[in-house]
2 protein chains.
Amino acid sequence: MVLITYDIDTTDAAGRKRLRRIAKACVNYGQRVQASVFECDVDAATLVTLKAALLEIADPAKDSLRIYHLGNKWQGKVEHFGTKPSYDPEGFLAL
Amino acid sequence: MVLITYDIDTTDAAGRKRLRRIAKACVNYGQRVQASVFECDVDAATLVTLKAALLEIADPAKDSLRIYHLGNKWQGKVEHFGTKPSYDPEGFLAL
């Protein structure tokens with residue numbers, strides 16, 4: 001399992017488009033758990049593909065992308081508190 | 001090391017205040033790596049204190065708080081791509 005977190009500079013239209021594309025790319029591989037946080041249960045080869053897709057979208061000068069490798073026994077490593085909003089994979093947050 | 005990620009409902013002033021207070025509480029214990037993502041290198045006892053502080057601030061009906069336990073050898077588990085904006089601990093993002 002990998003955790004993907006990102007900060008996309010949405011101060012312009014291009015950034016807002018990148019945000020939607022990044023979220024859409026992640027949704028194909030995992031579960032959105034917060035607005036900019038995805039849990040993706042992918043093998044090494046699939047992660048290479050996902051990473052390439054994200055790096056192709058993100059602007060390295062403006063955006064920040066972090067990937068945390070949680071390993072296989074990750075369920076016991078996560079605690080959640082509060083609400084679990086449902087997310088519209090198309091990018092609009094249904095809070 | 002624990003990773004703290006959060007989504008705070010900022011649709012009202014109370015939510016924006018909670019966001020600032022959550023960030024401020026996290027800054028006391030760790031490094032802000034993205035707008036709503038902190039890496040906190042804390043022991044178990046300190047984590048109990050930090051968690052209590054965050055849960056006291058967050059509104060469980062509106063906000064989402066996730067804590068990922070990355071373990072001690074976490075440095076090799078993190079990949080970063082893109083910019084590393086400096087964050088004003090007081091809550092204003094210096095992007």
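All figures in this text were calculated on a predicted structure; none of them were measured in a lab. Convention: sequence-line order gives letters A, B, ...; per-chain numbering from 1.
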Q.
Take a 6.0 Å sphere around CG of A:Asp12 and say whether it holds more than 12 heavy atoms from other residues, nucleotides or ligands.
A. yes
Check whether [X] gets within reach of chain B through its side chain, its backbone, both or neither, counting any heavy atom under 4.5 Å.
{"X": "A:Val37", "value": "side chain"}
{"X": "A:Leu54", "value": "neither"}
{"X": "A:Glu39", "value": "side chain"}
{"X": "A:Ala58", "value": "neither"}

(Q) Rounded at 0.5 Å granularity, tell me how far CG in A:Leu3 sits from CD in A:Gln31. (A) 12.0 Å
Q: Determine, using the 4.5 Å side-chain heavy-atom cutoff (strictly less than), whether B:Val2 and B:Leu55 are members of one ILVMFWY cluster.
A: yes
Q) Does the pair B:Arg32/A:Asp7 count as a salt bridge with the N-to-O cut at 4.0 Å? A) no
Q. Of all of A:Val78, A:Asp59, A:Leu70, which one pairs up most often with chain B through heavy atoms under 4.5 Å apart?
A. A:Val78
Q | side chain to side chain contact (heavy atoms under 4.5 Å, CB included) evaluation trace for B:Asp63 with B:Tyr6 | A | CA-CA 7 Å; B:Asp63 307 331; B:Tyr6 52 79; over 6 Å; no
